[in-house]
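So the structure is just underneath, and the comments pick up after that.
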Amino acid sequence: MTTTRTDTATPSAPTAQRARAGGLIRWVLDPANLADWAALVGLVVLVVVFQALNSSFLSAGNIQSMLVAAAILVVLAVGQTFVVATAGIDLSIASVMTLAAVVFGTVFASGAGLLVAALAALATGALVGLANGLVISKGRITDFIVTLGTLSAASGLALIIADGKPRTIISGPLLRLATGHVGIFGYSFLIALVIAVVAHVVLFHTRFGTYVLATGGNAEAASATGVPTARIKTAVYVIAGVLAGIASILLVARVGAAEPAANTAFLLNSVAAVVLGGVSLFGGRATIVGPVIGALLLTALVNGLTLLGVSQFYQPLSVGVVVVLAAFLTRFQK
Amino acid sequence: MSDTTAAPAVPLIHDVPADAILTVEDAAIAFGQVRALKGASMHARRGEVTAIVGDNGAGKSTLIRCISGVHAPDSGRITFDGHEVEFKTPHAARDAGIETVHQNLALVEDLTVWQNLFLNREIVRGVGPLRLLDRRAMRSRADEMVSSLAVNVPAVGSRVRRLSGGQRQAVSICRAAGFASKLIIMDEPTAALGVQETARVEELITRLKSEGHAILLISHNFAQVLRLSDAVWVMRAGRCVAGRRTAQTDGDEIVGLITGARAGDIPVEAA
Ligand SMILES: Nc1ncnc2c1ncn2[C@@H]1O[C@H](COP(=O)(O)OP(=O)(O)O)[C@@H](O)[C@H]1O
Ligand SMILES: [Mg+2]
């Protein structure tokens, strides 16, 4: 969170500065705060290690491809963050992305324009998110069960619509989206970055964002002051759904096809990025920066291992280890 | 034993003033099988502290939750500031001028003091969907609110999690007092506090009364009730069985009314 920490009175400038620097180091090393920084510390460590082992890790080309590879996960992690901030969880986020991708492909193949296909993908995400949110908040059914059901239903629906087959999408603008870049920043990463910035502003500089954190922190207290907690809970699932829709467009652009694939790694990594980012799974405490760095960390981990020639089979294992380590750190939170 | 010391007690139930800030008539509510309120009637006057006492489970919290829009009573009438009201949400009650300090401290621990003070009362700037929080304005207003109540709450930027029980209570009361409220409801505001913190909160209550706020105070502390209140209602088993001007009653009578050793002012309900 961006709360400014009030320093104690300042006696004289230089000593105060030194004291503050010392305090800062102590503050960073304090386990309670280390959890908030776990993702950043982990990212720096990974970068240093991988760079030492393979000097092409930090080449402009590799950085660019890592950022592009991270884009989809960043978008999903931001969506997941809103849900987790209300003490919920969206297990269907990756399946909804798959469904939206298939809808995108089908609409696009039917001859409708790119824009129509993109809007259809977003609408698909929004609708599934709305269904999730309404069942959870009005039906008062556990988020875990509801989104687990949606996970299955959405991937099943994707299989039915696509008839189990991938559909190649050939489109100039989509190709540019996947390959175009400004400096080392690919377009898709820039889109993810814009989404993250907007999400940060929404979470910390709007009433809605305050209500999200209040609902997650203490739903009873929030509703006693008049915060419409049921609506807030519904809204965060819609946000996650819409972001899954945006992610589906990035995915189709990246793969060059709309496929009804399971994409379970994206689900696990979206939750992992949120945990790495120091967001409390109990709700009420969240940042956007944290999960974004968490997503970058997970992407860098996979990229670095690939670069070192480590078998793909080790990737899920390493991600798992990192996430459990991060979760261990969060025990010190508070 | 002779009961000659006390002045003849006038049952308040037969003495509803024309300009009461709040009247509740026959409020009833059931949660499944539990009939928490079985036709409770009471009223509160402007500018006064009205106390509600009663055993645990008597229905005090449920009654004030009906008044503050948390629950909608199944039947009965609530009149506030001259109008019959039916609050569907706490938001509606707050808009009408009823602020509540709930028993279970309705603060969000992970938010800061100022965020809690302005929860659902945020100051925003800009237009339409682009309205952003004016964090700076809220912080400085929060500073004023806290310091005007002369309570020792730490910097308004600190998280509520780090506050003591008394400080949290002060923040809750501060919030209730801060928004031009006509009626402030406090549900056992000192139940969890130490002696000094209790004294502070009592000072606050006296202060708010002197500023013209009407206050509805639920308390288990008879001495406190006798010290602070102008009128007192006794609840038993979901009904307000008796109401007295505080000056015309004493601890013994109140205890008797709470336990049922003394008959109340209303006929006892069969079964
Ligand atoms: N939300 C609720 N659901 C079910 N029962 C409730 C609820 N709120 C209160 N009750 C019941 O109503 C009765 C009155 O409770 P309450 O108003 O909290 O009493 P008091 O505040 O006087 O101690 C109790 O028996 C309590 O268990
Ligand atoms: Mg109570």
Side-chain angles (χ1 to χ4, degrees), chain A residues 1-9 30 32-33 35-36 84-87 197-232 235 239 278-287 290 330 333-334, chain B residues 64-65 68-71 87-95 98-126 129-136 138-139 154-162 168 172 175-176 179 185 187:
Chain A
M1 280 215 228
T2 52
T3 37
T4 44
R5 285 160 209 278
T6 41
D7 290 23
T8 38
D30 180 348
N33 299 317
D36 289 340
V84 172
T86 65
V197 169
V198 171
H200 175 89
V201 170
V202 168
L203 194 55
F204 295 112
H205 295 275
T206 67
R207 291 182 141 184
F208 175 78
T210 309
Y211 296 168
V212 165
L213 294 171
T215 301
N218 186 343
E220 204 192 341
S223 71
T225 61
V227 172
T229 51
R231 242 186 289 162
I232 298 294
I239 290 175
V279 175
S280 164
L281 288 175
F282 300 112
R285 287 190 76 157
T287 64
T330 60
Q333 234 173 20
K334 283 174 197 173
Chain B
I64 63 101
R65 286 198 199 113
S68 65
V70 175
H71 300 315
F87 300 127
K88 297 257 179 332
T89 60
H91 188 87
R94 290 187 82 189
D95 278 349
I98 299 178
E99 291 283 341
T100 310
V101 179
H102 286 282
Q103 184 168 12
N104 44 5
L105 283 180
L107 297 179
V108 181
E109 298 204 322
D110 283 320
L111 294 184
T112 61
V113 169
W114 69 262
Q115 282 175 312
N116 271 283
L117 283 174
F118 282 92
L119 194 52
N120 205 21
R121 285 279 189 278
E122 291 84 359
I123 302 175
V124 289
R125 57 199 151 90
L130 289 176
R131 273 179 304 179
L132 297 184
L133 298 179
D134 193 340
R135 297 170 71 106
R136 183 183 301 207
M138 285 190 277
R139 271 169 165 279
V156 293
S158 44
R159 282 176 210 265
V160 166
R161 187 178 290 289
R162 296 210 257 135
R168 290 175 193 211
S172 297
R175 175 167 71 189
F179 295 98
I185 303 175
D187 193 349

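It should be emphasised that the depicted structure is a prediction, and the values quoted were computed from it without experimental measurement. Proteins come first, then strands; the chains are lettered A, B, ... in the order of their sequence lines, and each starts at number 1. All values below were derived from every heavy atom in this structure, side-chain atoms included, with hydrogens, water molecules and symmetry-related copies excluded.
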Looking at side-chain heavy atoms only, is the closest gap between B/Val108 and B/Gln115 below 4.5 Å?
-> no
Under 4.5 Å from a heavy atom of chain A, the part of B/Arg94 involved = side chain
Chain A contact via B/Arg121 - which portion, at a heavy-atom distance below 4.5 Å = backbone
B/Glu109 bridged to B/Arg159 by N-O distance under 4.0 Å = no
Using non-hydrogen atoms only, which part of A/Phe208 is less than 4.5 Å away from chain B: side chain, backbone, both, or neither?
-> neither
Which atom names give the shortest non-hydrogen contact between B/Thr100 and B/Ser68, and what distance separates them?
-> OG1-CB, 3.0 Å
Considering all heavy atoms of both residues, which atom of B/Pro90 and which atom of A/Ala224 are nearest to each other, and what is their separation?
-> CB-O, 3.2 Å
Taking all non-hydrogen atoms of both residues into account, name the closest pair between B/Met138 and B/Phe118 and its distance.
-> O-CE1, 3.3 Å
If you count heavy-atom pairs under 4.5 Å with chain A, which of B/Asn116, B/Val124, B/Thr89, B/Asn120 comes out on top?
-> B/Asn120
What part of B/Glu122 gets closer than 4.5 Å to chain A, counting heavy atoms only: side chain, backbone, both or neither?
-> both
Measuring heavy-atom distances to chain B, does A/Val202 have an atom under 4.5 Å in its side chain, in its backbone, in both, or in neither?
-> neither
When A/Gly217, A/Ala214, A/Pro228 are compared by non-hydrogen pairs under 4.5 Å with chain B, the top option = A/Ala214
Flag side-chain contact, heavy atom, 4.5 Å: B/Phe87 against B/Asp95 = no
